[in-house]
S.K.: 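Sharing a structure with you now.
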Amino acid sequence: SKINPNSNDLQINKLLEDLEKESNQIKRIELCTKILMKDEKNVVAILSLFYDCCEMKDFDSAKEKYGQLESLTPPGCIPPYDLRAHLHIRMEEYEKAIECCDKILSIHPKNVGSLTYKIRALSLLNKIDNKLLELCERLLGIEPHNARIYRIIIFTPQSFKVSHSPKIL
């Protein structure tokens, strides 16, 4: 006998495909709302709404979406602190973003998202020092073509790079 997939699952899959292709923020939000009406725990839709809320500076809604994502974290798994770091950066709470990144990096030192957000937060705080350049080096070892990191390195004062981190040049 042939297995008939659940029509609700097919509808959600179609909406998710549409969401992936959509660039208009309002239409993405509408698609996410439709998905969540069918599956209130759909991580892709919640995550998309989280980023859209951050982009629109609707931080209360972004915090709510983060809370939903955190509640969906399976027992024994690390909550999405890199997303919290993203939110803190958007809210210009750079020290809090660094704390979130440090939580993940203490367990997963090669976590690309946390390394990237920590580098961004440090650079936004103008903390251009050995720590920042070492993090850049570590990230470039994992992602050698990360353009954002090269921009940070390029805008680091040359006198600092020469005297403190010749490996990066």
Side-chain angles (χ1 to χ4, degrees), residues 2-125 135-136 138-149 151-152:
K2 223 177 187 182
I3 298 173
N4 289 327
N6 181 332
S7 81
N8 195 42
D9 289 345
L10 290 174
Q11 291 172 358
I12 291 172
N13 286 340
K14 172 67 174 117
L15 290 168
L16 287 169
E17 285 175 19
D18 293 344
L19 178 62
E20 189 176 325
K21 297 174 194 169
E22 186 58 61
S23 61
N24 180 290
Q25 195 171 47
I26 301 299
K27 290 181 181 176
R28 277 198 323 268
I29 292 170
E30 289 171 0
L31 286 167
C32 288
T33 302
K34 288 178 185 177
I35 293 166
L36 292 172
M37 287 172 60
K38 296 177 181 303
D39 176 9
E40 65 185 21
K41 294 182 178 181
N42 188 289
V43 174
V44 173
I46 297 169
L47 185 61
S48 180
L49 284 173
F50 168 81
Y51 282 117
D52 284 332
C53 289
C54 286
E55 185 68 29
M56 296 182 308
K57 297 184 189 266
D58 180 358
F59 299 127
D60 289 336
S61 295
K63 287 176 186 176
E64 178 190 329
K65 296 302 165 204
Y66 175 82
Q68 287 177 307
L69 290 165
E70 192 172 41
S71 73
L72 295 172
T73 303
C77 291
I78 301 168
Y81 290 121
D82 53 339
L83 295 178
R84 187 184 297 174
H86 176 79
L87 177 59
H88 286 305
I89 287 172
R90 296 296 303 202
M91 294 172 67
E92 299 180 9
E93 298 173 342
Y94 307 124
E95 296 290 347
K96 288 181 180 180
I98 292 167
E99 289 173 21
C100 291
C101 294
D102 285 341
K103 287 179 183 179
I104 290 185
L105 293 171
S106 69
I107 299 165
H108 298 291
K110 292 185 177 184
N111 183 285
V112 171
S114 294
L115 283 168
T116 303
Y117 287 131
K118 184 170 182 174
I119 290 166
R120 182 174 167 105
L122 287 168
S123 66
L124 289 167
L125 284 169
L135 288 169
C136 289
R138 187 172 3 154
L139 184 55
L140 289 173
I142 301 165
E143 276 193 348
H145 303 292
N146 191 314
R148 286 184 179 176
I149 303 311
R151 272 182 265 159
I152 290 171

S.K.: Using atom types as modelled, flag every donor-acceptor pair under 3.5 Å from a side chain in residues 46-57 to any protein atom, sequence neighbours excluded.
M.R.:
unit_1	atom_1	unit_2	atom_2	d
Asp52	OD1	Arg28	NE	3.4
Asp52	OD1	Arg28	NH2	2.2
Asp52	OD2	Arg28	NE	3.4

S.K.: Is there a donor-acceptor contact under 3.5 Å from the side chain of Arg138 to the main chain of Pro109?
M.R.: yes
S.K.: Rounded to the nearest 0.5 Å, how far does NE2 of His86 lie from CG of Leu83?
M.R.: 8.0 Å
S.K.: Start with the C-alpha gap between Asn13 and Leu16, add the side-chain angles, then the distance that decides, and say whether side-chain contact (heavy atoms from CB on, under 4.5 Å) holds.
M.R.: CA-CA 5 Å; Asn13 286 340; Leu16 287 169; 4.3 Å; yes
S.K.: In Å, rounded to the nearest 0.5 Å, how long is the span from CG of Asp58 to CG of Asp60?
M.R.: 6.5 Å
S.K.: Measuring from atom CG of Asn42 to atom CD1 of Ile12, what distance do you get when rounded to the nearest 0.5 angstrom?
M.R.: 6.5 Å
S.K.: Show, in sequence, the C-alpha distance, side-chain angles and deciding distance for Asp18 and Lys14, and conclude whether the side-chain contact (heavy atoms from CB on, under 4.5 Å) test is met.
M.R.: CA-CA 6 Å; Asp18 293 344; Lys14 172 67 174 117; 2.7 Å; yes
S.K.: How long is the span from the CG atom in Leu87 to the NZ atom in Lys96, to the nearest 0.5 Å?
M.R.: 10.0 Å
S.K.: Under the side chain to side chain contact (heavy atoms under 4.5 Å, CB included) test against Ser114, which residue among Leu139, Leu105, Ile107, Ile119 passes?
M.R.: Leu105
S.K.: Please give me the minimum heavy-atom distance between Tyr94 and Leu124, naming the atom from each residue.
M.R.: CE2-CD1, 3.4 Å
S.K.: Look up atom CG in Leu19 and atom CD in Glu22, then write down how far apart they are to the nearest 0.5 Å.
M.R.: 8.5 Å
S.K.: Considering only heavy atoms from C-beta outward, does the side chain of Leu125 approach that of Glu95 to under 4.5 Å?
M.R.: yes
S.K.: Show me the side-chain donor-acceptor pairs of residues 30-40 shorter than 3.5 Å, one per line, residues at least two apart or across chains.
M.R.:
unit_1	atom_1	unit_2	atom_2	d
Thr33	OG1	Ile29	O	2.9
Lys38	NZ	Gln11	OE1	2.7
Asp39	OD1	Lys41	N	3.2

S.K.: Can you establish whether the number of heavy atoms outside Glu20 located under 6.0 Å from its atom CD is more than 12?
M.R.: no
S.K.: Under the side-chain contact (heavy atoms from CB on, under 4.5 Å) test, which residues partner Lys103, sequence neighbours left out?
M.R.: Tyr81, Arg84
S.K.: How long is the gap from CE on Met91 to CD1 on Ile89, to the nearest 0.5 Å?
M.R.: 12.5 Å
S.K.: Could you report the tightest heavy-atom contact between Pro80 and Leu69, atom names first, then the distance?
M.R.: CG-CB, 4.4 Å
S.K.: Heavy atoms, side chains only, cut-off 4.5 Å: are Tyr66 and Pro79 in contact?
M.R.: yes
S.K.: Are the side chains of Lys118 and Leu122 in contact, using a 4.5 Å heavy-atom criterion?
M.R.: yes
